[in-house]
2 protein chains.
Amino acid sequence: MNAATKQPCREIVVSGVGHTRFGRLDEEDVESLVVEAVRGALADADVPGDAVDAIFFGNFNVGMQPLAFGSSLALQADDGLLGVPATRVENACASGSAAVHQGIQAILAGAANTVLVVGAEKMTNSSPETVGRALLGADYDAAGTASRHGFAGLFAAVAHEYQRRYGSIGDEMAWIAAKNHANGLANPYAHLRKDFSFDFCRDVTDANPMVAHPLRRTDCSPVSDGAAALVLQRENLAVRSLARIVGYSQSNDYLPAARRDPLAFEGTKAAVEQALKMSNRALTDLDFAEVHDCFTIAELLVYEAIGLAEPGRAREVVNAGTTLKDGRLPVNPSGGLKSKGHPVGATGVSQHVLAALQLSGRAGDMQVPDAGIGLVHNMGGLAVANYATIMESL
Amino acid sequence: MNAATKQPCREIVVSGVGHTRFGRLDEEDVESLVVEAVRGALADADVPGDAVDAIFFGNFNVGMQPLAFGSSLALQADDGLLGVPATRVENACASGSAAVHQGIQAILAGAANTVLVVGAEKMTNSSPETVGRALLGADYDAAGTASRHGFAGLFAAVAHEYQRRYGSIGDEMAWIAAKNHANGLANPYAHLRKDFSFDFCRDVTDANPMVAHPLRRTDCSPVSDGAAALVLQRENLAVRSLARIVGYSQSNDYLPAARRDPLAFEGTKAAVEQALKMSNRALTDLDFAEVHDCFTIAELLVYEAIGLAEPGRAREVVNAGTTLKDGRLPVNPSGGLKSKGHPVGATGVSQHVLAALQLSGRAGDMQVPDAGIGLVHNMGGLAVANYATIMESL
C-alpha cells in the first residue's frame with residue numbers, strides 16, 4: 001500500500017493525561033465530559049491553558065447529540081484557552097487517534113509547542129436505533145439503510161467469511177473476550193468490569209445471547225459515554241514526560257467494502273509497519289499493544305495484520321497465549337474497547353492515555369512489568385481509516 | 001486574544017485547483033462532487049494520485065447525508081490514492097479552511113510533500129427543515145431547538161444589535177449584496193449569477209422578502225451543492241505554481257454566544273492580524289480579499305474586524321466604495337458566498353481556489369488587475385472558528 005513520506009517524529013512527549021470513567025454516565029454531556037478530561041490532562045501535565053498552542057478534538061456524533069460543532073468546547077475548561085486554534089477531526093471510530101496524529105503534526109510543523117488533544121462521545125442518552133443509525137453512517141454501503149444489527153452485522157459478516165475460509169473461530173473469539181474482560185477488571189475507567197469466564201463468553205445463553213451470528217454479546221464492545229485527553233509537548237518544554245512518541249502512521253483504504261478484502265486489514269498492516277519503521281523497531285520489540293477490538297473478530301484479524309500470525313492462523317496466537325497479560329505480547333492490558341467501552345471519539349485518545357500510563361509505570365493493577373515500548377492501533381470503519389502509534393518510556 | 005506560536009510558512013504553493021459548479025445539482029452526490037473536484041485539481045497540478053502524501057476533507061454534513069465518514073471518498077477519484085492518510089476535519093462553515101490549514105501543517109511537519117485538499121457539501125436534496133436543523137447544530141444555544149429562521153435568525157440578531165448600537169445599516173447590507181451579485185456575474189462556478197441592483201436588494205418585495213428581520217433574502221447566501229479541491233506542494237516539487245501561501249492563522253472563540261461580543265468578531269480579528277504578521281504584510285498591502293459573507297451583516301462586520309473601519313463605522317467603507325471590484329480593496333471579487341453559494345464544507349476550499357486563480361491571472365472576468373497578494377477569511381459559527389490565509393503570486 002501507498003504510504004506518506006514521513007519525517008521521523010522527534011522529541012514529542014505525552015506530558016499529561018486525563019480520562020473520565022467510561023460507561024453510562026447519565027449526569028454527563030459532551031461538554032462536561034470534555035471539560036473533565038481536559039482539566040485532568042492540563043493539571044497532570046502542569047500546563048496552564050494559556051500555554052496551549054493548538055487543540056484537536058476527536059468526535060463522531062452523527063446525530064447522537066444536537067451540537068455538531070464541538071471544537072471550541074475545550075475552551076469551556078479553562079479561560080486561558082481563549083483564542084487557541086481548535087479543530088475537530090473525524091475518522092469514524094478512529095477519530096481520537098486522528099486528533100492525536102494531527103497534534104503530533106502541529107508540533108512537527110512548528111505551529112505548536114504544546115497541544116491539547118481531547119476525544120469524547122456521549123451515546124447512552126440516544127435510543128439504540130439512533131446509535132445504530134449513527135454508527136452505520138460510517139459504512140459506505142449500509143449508511144442510511146435500516147439494519148437490525150448495526151455495525152455488529154458488518155463484523156459478523158467478516159467473522160462468517162473468516163470461518164468459511166479457515167474454519168470455526170467461536171472459541172478463539174470467546175478467548176479474546178475473556179482475556180480482555182479479565183484485563184479490564186484492573187481498569188478503573190472501564191465500563192464493563194466483569195469477570196466473564198471463557199465458558200461464559202463461549203456459550204450462547206440468556207445472559208450472553210447471539211447478537212449477530214456468530215457474534216455473541218460478549219464479542220461486542222459496549223455503547224458508552226466518556227472522554228479522554230492528553231497533552232503533547234516538545235520534550236524540552238515538558239514539566240514531566242510520561243512517554244515519547246517515536247513513530248506514527250495512518251493509512252486509508254477504499255470506502256466501499258467491495259474494494260477491500262474483508263480479512264486482510266491492509267490499511268492496518270501498512271500503518272503498523274510504517275509506524276514501526278519510523279521508530280526503528282520491530283514487532284518483537286513491543287512490550288504491549290492497545291488495539292482496536294470493537295468486536296473480538298477485529299482483534300483476531302489485527303493479530304494477522306500486524307504479523308503475530310499468518311493469514312488464517314490467528315488461532316495459533318490464542319493457543320499459545322501470546323497476547324495474555326503475561327504472554328509474549330500482551331494485547332489490550334487495559335481491557336480494550338471490549339471491557340473499557342467504546343465512546344467513539346474518545347477511544348483513540350484513551351488508547352494513547354492508557355499506553356502513556358503503562359510506559360510511565362502509572363498503570364496500577366493494569367501495569368505490564370517493565371513496559372518500555374508499546375503500540376496503539378485504532379481504526380475507523382472496517383479497516384478503512386487505520387492509525388498506528390509507537391510510544392516509548394523515557 | 002491568545003495565539004499560537006507559529007513558524008513562518010515557507011515554500012508552500014497551490015499547484016492545482018478543481019471546482020465544481022455550485023448550485024442545485026440534482027445529478028450529483030457527495031462522492032461524485034468530491035471525485036470531480038479532486039480529478040480537476042490533480043490534473044491541473046499535473047500530479048498523479050500516487051504522488052499524494054496526505055488528504056484532508058472538509059465536510060459538515062450533520063445529517064444532511066447518511067454517509068457520515070467521508071475521508072476515503074477522495075480515493076474513489078484515483079486508484080493511486082489507495083493507502084494515503086485521509087482525514088476529515090470540521091469547523092462548521094470553516095471546515096474547508098480547516099482542511100487547507102491542516103494540509104499546510106502536514107507539509108510543514110515533513111509528513112507530506114504533496115497534499116490533496118477537498119471540501120464538499122450536498123445540501124439541496126434535504127428538506128429546508130433538515131438543512132436548518134443541521135446548520136443550527138453549529139450553534140451552542142440553538143442546537144437541537146426548533147427555529148423558524150435557522151442561522152439567518154442568529155445573524156439577524158447580530159444585525160439588530162448593530163443597528164441598536166450604531167443606527168440603520170439596511171442600505172449598507174443591500175450595497176454589499178448588490179456588489180457581490182455584480183461580481184458573481186463573472187464567476188462561472190457561482191450558484192446565483194443574477195444582476196440584483198442595489199434597489200432590488202434594498203427593497204422588501206415579493207421577489208425579495210424579509211427572511212429574518214432585518215435580513216432580506218438578498219442578505220443571505222443560498223443553500224448549495226458543490227465541491228472544491230486544491231493541491232498543496234513544496235514549491236520545488238511543483239510542476240506549476242499558482243500562488244504561494246505566505247501566512248496562515250486560526251483563532252477559536254468561546255462557543256456560547258453569551259461569552260462573545262456579537263459585533264466584535266474577535267477571533268477573526270486575531271486570525272487576520274496573525275496571518276498578516278506571519279507574512280510580513282499589512283492590510284494596505286492586500287490587492288483583494290475573499291471573506292466569509294454567509295450573510296451581508298457578516299461581511300460588514302469583517303470590514304471592522306480586519307481594520308477597514310473602526311467599530312460601528314463600516315458604513316464609511318460602503319460610502320467610499322472601498323471594497324468594490326475597482327475599489328482600494330476589492331472584497332469578494334468572486335461574488336462571495338452570497339453569489340457563489342455556500343456548500344458548507346466546500347466554501348473555505350473554494351475561497352482558496354478563487355484566490356489562487358486571481359493570483360495566477362487565471363480568474364477570467366473575475367480578475368482583479370495585477371493581483372499580487374490576497375487574503376482568504378473563513379469562519380465557522382458566529383465568529384467561533386476563524387481562519388485567515390495570506391497568499392501571494394509567484
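Protein chains get the first letters and strands the later ones, always in sequence-line order, with residue 1 at the start of each.
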May I ask you to name which of [options] has the most heavy-atom pairs under 4.5 Å with chain B?
{"options": "A:G63, A:P256, A:A98", "value": "A:P256"}
{"options": "A:N91, A:I107, A:V89", "value": "A:N91"}
{"options": "A:Q102, A:E31, A:R88", "value": "A:R88"}

For the student: nearest non-hydrogen atoms of [X] and [Y], plus distance:
{"X": "A:S71", "Y": "B:N252", "result": "OG-ND2, 3.3 Å"}
{"X": "B:G83", "Y": "A:S251", "result": "O-OG, 3.1 Å"}
{"X": "A:L73", "Y": "B:L255", "result": "CD2-CD2, 3.8 Å"}
{"X": "A:F69", "Y": "B:G380", "result": "CZ-O, 3.6 Å"}
{"X": "A:A111", "Y": "B:Q105", "result": "CB-NE2, 3.2 Å"}

[X], part contacting chain A, at a heavy-atom distance under 4.5 Å:
{"X": "B:R259", "answer": "side chain"}
{"X": "B:Q76", "answer": "both"}
{"X": "B:Y140", "answer": "both"}

For A:D139, which atoms come within 4.5 Å of any heavy atom of chain B: side chain, backbone, both, or neither?
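For A:D139, backbone heavy atoms alone lie under 4.5 Å from chain B.
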
Using non-hydrogen atoms and a 4.5 Å limit, figure out which bit of A:F57 sits close to chain B: side chain, backbone, both or neither.
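The answer is neither part of A:F57.
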
Could you tell me which residues satisfy ring pair (Phe, Tyr, Trp, His ring centres under 6.0 Å) with A:F60, sequence neighbours excluded, listed by chain and number?
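For A:F60 there are no ring pair (Phe, Tyr, Trp, His ring centres under 6.0 Å) partners, ignoring immediate neighbours.
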
Any idea which of [options] has the most non-hydrogen atom pairs under 4.5 angstrom with chain A?
{"options": "B:S72, B:G70, B:G381", "value": "B:S72"}
{"options": "B:V384, B:N386, B:V62", "value": "B:V384"}
{"options": "B:G144, B:A74, B:A86", "value": "B:A86"}

Say you draw a straight line from CG of B:L67 to CG of A:D141; how long is it, rounded to the nearest 0.5 Å?
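Rounded to the nearest 0.5 Å, the CG-CG separation comes out at 9.5 Å.
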
Residues in salt bridge (Lys or Arg N to Asp or Glu O under 4.0 Å) with B:E11, at least two apart?
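Checked B:E11 against salt bridge (Lys or Arg N to Asp or Glu O under 4.0 Å); zero matches.
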
